[in-house]
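Okay, structure first, notes after.
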Amino acid sequence: MPILIAFLCGLLMSAGIAVSQMIDPQKVLGFLNLAGDWDPSLALVMVGALIVYTLGYQLLKKRTKPVYEARFATPSSRLINKPLVVGAVIFGLGWGLVGYCPGPAIAALPSGSSGTLVFVAMMILGWFISRRLFIR
């Protein structure tokens, strides 16, 4: 059952990303280009996501454990260290350069766009390299 719920949650998130057009790199780059022809429409998506998250978090705080798991999977560390900051900078640079981050890129895979396929392949290669070099 947990796998089915995870699949349905991923499907719902993918649908939201597709409906909001976050799978279109040009739309995202238009949102990130504050100095140029700025497209603020994705701000509404972020505000909507924040509202849903806030309501869901309030419900979550009332529970002692998830419905189908033994415990909540929350980060065990609150440490802000060099690898975290460097990773965040690389993520932001990649997002700003091509208009994709992992979720929308994976949601856009069914489009079959060669740019999307190359991005996801390079993203997987980056994960592999970073795990080999930095995670022990």
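Under a cut-off of 6.0 angstrom, the local environment of NZ in Lys82 is sparse, with at most 12 non-hydrogen atoms contributed by other residues, nucleotides or ligands. The environment of CD1 in Ile80 is sparse: at most 12 heavy-atom neighbours from other residues, nucleotides or ligands sit within 6.0 Å. Counting heavy atoms of neighbouring residues, nucleotides and ligands inside a 6.0 Å radius, atom CD1 of Ile3 does not exceed 12 of them.
Formation of a donor-acceptor pair under 3.5 Å by the Trp38 side chain with backbone atoms of Leu32 is not found in this model.
Residue Asn33 holds its CG atom at 10.5 Å from CD of Gln26, rounded to the nearest 0.5 Å. Atom-to-atom distance recorded for Tyr53:OH and Gln58:CD is 9.5 Å, nearest 0.5 angstrom. Between Glu69 atom CD and Ile5 atom CD1 the span is 9.0 Å, to the nearest 0.5 Å. Atoms OG and CD1, on Ser113 and Ile23 in that order, are 10.0 Å from each other to the nearest 0.5 Å. In this structure, Asp24 CG and Met22 CE are separated by 11.0 Å, a value rounded to the nearest 0.5 Å. Of the inter-residue distances, the one linking Thr116 atom OG1 with Leu109 atom CG reads 7.0 Å to the nearest 0.5 angstrom.
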Please report the C-alpha distance between Ile106 and Met123 in whole Å, then the side-chain angles of each, then the deciding distance to 0.1 Å, and finally whether the side chain to side chain contact (heavy atoms under 4.5 Å, CB included) criterion is met.
CA-CA 10 Å; Ile106 291 171; Met123 183 174 68; 4.1 Å; yes
For the pair Met46 and Leu50, evaluate side chain to side chain contact (heavy atoms under 4.5 Å, CB included) and give the outcome as yes or no after the intermediate values. CA-CA 6 Å; Met46 293 179 185; Leu50 186 61; over 6 Å; no
Practice task
Any chance you could lay out the side-chain hydrogen bond (donor to acceptor under 3.5 Å, both in side chains) test for Ser41 and Lys27, step after step, and finish with the verdict?
Solution key: CA-CA 9 Å; Ser41 61; Lys27 183 85 172 170; 2.9 Å; yes
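Using a 4.5 Å cut-off between side-chain heavy atoms of Ile, Leu, Val, Met, Phe, Trp and Tyr, with links allowed through other members, Met1 and Phe7 fall into the same hydrophobic cluster. The cluster map of Ile, Leu, Val, Met, Phe, Trp and Tyr, joined by side-chain heavy atoms under 4.5 Å apart, puts Tyr68 and Leu4 in the same cluster. Under the 4.5 Å side-chain heavy-atom criterion for grouping Ile, Leu, Val, Met, Phe, Trp and Tyr, Val52 is not connected to Leu8 through any hydrophobic cluster. Hydrophobic clustering of Ile, Leu, Val, Met, Phe, Trp and Tyr side chains at less than 4.5 Å, counting indirect connections, keeps Ile17 apart from Leu11. Following chains of ILVMFWY side-chain contacts shorter than 4.5 Å, one cannot reach Val120 starting from Met122, and the two form parts of different hydrophobic clusters.
The shortest non-hydrogen separation linking Phe31 to Ala43 is CE1-N, 3.6 Å. Nearest approach of Leu29 to Gly96, heavy atoms of both residues: CD2-O, 3.1 Å. Between Ala107 and Pro110, the shortest heavy-atom distance links the atoms O-CD, 3.2 Å.
Looking at Phe72 and Arg63, their side chains come closer than 4.5 Å, going by heavy atoms from C-beta outward. Taking 4.5 Å as the limit, some side-chain heavy atom of Val28 sits within range of a side-chain heavy atom of Leu42. Taking the side chain as every heavy atom from C-beta outward, Pro25 and Val98 never approach each other to under 4.5 Å.
Exactly one of Phe91, Phe119, Trp95 qualifies for a ring-ring contact (aromatic ring centres under 6.0 Å, His included) with Tyr100. That residue is Phe119.
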